[in-house]
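Quick caveat, the model's predicted, so the values are computed rather than measured. One is the number of the first residue; the rest follow in order along the sequence.
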Amino acid sequence: MLHTEKAIIVEGRYDKARLSGVIDALIITTDGFGIFNSKEKQTFIKKIAEEKGILILTDSDAAGFKIRNFLKNIVPEDRITHAYIPDIYGKEKRKEAPSKEGKLGVEGIDNSILEDALVRSGLFSEKIKHDEIFPVTTADLFEAGLTGGEYSAGRRRKLLLSMGLPARLTGKNLLSVLNTFMTRDEFIKKTRELFPIDKNSDV
């Protein structure tokens, strides 16, 4: 079982139950959108983030990203680590019907995929000093045809799915995740493999 001193933020109690079988950590729920109106829960998460740091692991649907973005606005960026589950379609066993977007949430993801998401977040690896690496930049995204072009959305989706990440990631979130998962050289190699033709193609 994995272990971290950081607190992990998930949406609901079923997510917490599933994750507790994968990692030994303090797991805090947002009670879905309840976090938006709970000053007490917000204050608690801010305090925990200051003391221990937090890792956010929400569902990969619109609601999950809304909660993630809310937390990003109340907790300093340097106190947050992000983990993402891939877009996997299906229905949780306890539910009668799939979610609105048809994607499995944290509670429905296999333990091995959850563990992989946590490891890939960089939570358990030594942080490389910023001045020792050349990060992926917005210019690199444009050069690879991932922004600013007719086919950029499709190309981003292809890249993210190839990495087991939710296709919803864009903009600043995308840059942050790419710089967690790979070096700039690895990014360039990956995009050249995926998109061997020019950036104005939908290949």
Nearest-0.5 Å distance, [atom1] of residue [X] to [atom2] of residue [Y]:
{"X": "M182", "Y": "I188", "atom1": "CE", "atom2": "CD1", "result": "11.0 Å"}
{"X": "I9", "Y": "T81", "atom1": "CD1", "atom2": "OG1", "result": "11.5 Å"}
{"X": "K6", "Y": "L26", "atom1": "NZ", "atom2": "CG", "result": "13.5 Å"}
{"X": "H82", "Y": "I56", "atom1": "NE2", "atom2": "CD1", "result": "5.0 Å"}
{"X": "F181", "Y": "Y84", "atom1": "CZ", "atom2": "OH", "result": "8.5 Å"}
{"X": "K66", "Y": "D61", "atom1": "NZ", "atom2": "CG", "result": "11.5 Å"}

Counterpart residues, side chain to side chain contact (heavy atoms under 4.5 Å, CB included), relative to [X] (two or more places apart):
{"X": "D185", "result": "T183"}
{"X": "S99", "result": "none"}
{"X": "R79", "result": "A49, V75, P76"}
{"X": "S20", "result": "I27"}

- prompt: side chain to side chain contact (heavy atoms under 4.5 Å, CB included) between L174 and L160: does it pass, once the steps are laid out?
  reply: CA-CA 9 Å; L174 176 59; L160 289 166; 3.7 Å; yes
With a 4.5 Å cut-off on side-chain heavy-atom distances among I, L, V, M, F, W and Y, is there a chain of contacts connecting [X] to [Y]?
{"X": "L165", "Y": "L146", "answer": "yes"}
{"X": "M163", "Y": "L161", "answer": "no"}
{"X": "I113", "Y": "L123", "answer": "yes"}

field: Evaluation steps, side chain to side chain contact (heavy atoms under 4.5 Å, CB included), between F187 and L159
entry: CA-CA 10 Å; F187 167 79; L159 171 64; 4.2 Å; yes
message: Is it the case that the side chains of T137 and D140 hold a donor-acceptor pair, with the cut-off being a distance below 3.5 Å and no angle test?
response: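 T137 and D140 do have a side-chain donor-acceptor pair below 3.5 Å.
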Heavy-atom closest contact ([X] atom, [Y] atom, distance):
{"X": "L194", "Y": "S162", "answer": "CD1-OG, 3.6 Å"}
{"X": "S152", "Y": "G145", "answer": "OG-O, 3.1 Å"}
{"X": "R156", "Y": "T147", "answer": "NH1-CA, 4.1 Å"}
{"X": "G90", "Y": "P98", "answer": "O-CB, 3.9 Å"}
{"X": "A144", "Y": "F195", "answer": "O-CD1, 4.3 Å"}

Just by modelled atom types, is the [Y] backbone N or O under 3.5 Å from a matching donor or acceptor in the [X] side chain?
{"X": "T58", "Y": "V10", "value": "no"}
{"X": "N173", "Y": "L169", "value": "no"}
{"X": "R155", "Y": "T191", "value": "no"}
{"X": "E11", "Y": "D59", "value": "yes"}
{"X": "D116", "Y": "S112", "value": "no"}
{"X": "S121", "Y": "L118", "value": "yes"}

message: Which residues end up grouped with Y89 if you chain together Ile, Leu, Val, Met, Phe, Trp and Tyr wherever their side-chain heavy atoms are less than 4.5 Å apart?
response: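 The other cluster members (ILVMFWY side chains, heavy atoms under 4.5 Å, direct or chained): none.
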- request: Please step through side chain to side chain contact (heavy atoms under 4.5 Å, CB included) for the pair L71 and I80, ending with a clear verdict.
  value: CA-CA 9 Å; L71 292 169; I80 300 175; 5.5 Å; no
field: Working for side chain to side chain contact (heavy atoms under 4.5 Å, CB included), residues L19 and I8
entry: CA-CA 9 Å; L19 202 58; I8 301 181; 3.4 Å; yes
- request: Identify which one of I23, V22, I109 satisfies the side-chain contact (heavy atoms from CB on, under 4.5 Å) criterion when paired with E115.
  value: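 Running side-chain contact (heavy atoms from CB on, under 4.5 Å) over I23, V22, I109 with E115 returns exactly one hit, V22.
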Tell me the salt bridge (charged side-chain N to carboxylate O under 4.0 Å, His left out) pairs involving [range], sequence neighbours left out?
{"range": "residues 25-49", "answer": "D31-K41, K47-E51"}
{"range": "residues 92-105", "answer": "D87-K103, E92-K95, R94-E107, E101-K103, E101-R168"}
{"range": "residues 14-26", "answer": "none"}

field: Set of salt bridge (charged side-chain N to carboxylate O under 4.0 Å, His left out) partners for D110, sequence neighbours left out
entry: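 Checked D110 against salt bridge (charged side-chain N to carboxylate O under 4.0 Å, His left out); zero matches.
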query: Excluding sequence neighbours, so at least two apart, what forms salt bridge (charged side-chain N to carboxylate O under 4.0 Å, His left out) with R13?
result: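 Salt bridge (charged side-chain N to carboxylate O under 4.0 Å, His left out) check on R13 returns nothing, list empty.
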message: My understanding is that only residues two or more places apart in sequence, or in another chain, count here; which of them pass side chain to side chain donor-acceptor pair (under 3.5 Å) with S38?
response: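 By the side chain to side chain donor-acceptor pair (under 3.5 Å) rule, S38 matches no residue at all.
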Side chain to side chain, I85 and V106, heavy atoms closer than 4.5 Å: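 Result yes, sub-4.5 Å side-chain heavy-atom pair found.
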- request: Taking the side chain as every heavy atom from C-beta outward, state whether H3 and E5 have any atom pair closer than 4.5 Å.
  value: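 In short, these two side chains touch, coming nearer than 4.5 Å.
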Does atom [atom1] ([X]) have a neighbourhood of more than 12 heavy atoms from anything else shown, all under 6.0 Å?
{"X": "E186", "atom1": "CD", "value": "yes"}
{"X": "K189", "atom1": "NZ", "value": "no"}
{"X": "E193", "atom1": "CD", "value": "yes"}

message: Show every ring pair (Phe, Tyr, Trp, His ring centres under 6.0 Å) that has at least one partner inside residues 35-59, sequence neighbours left out.
response: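 Qualifying pairs: F33-F36, F36-F70.
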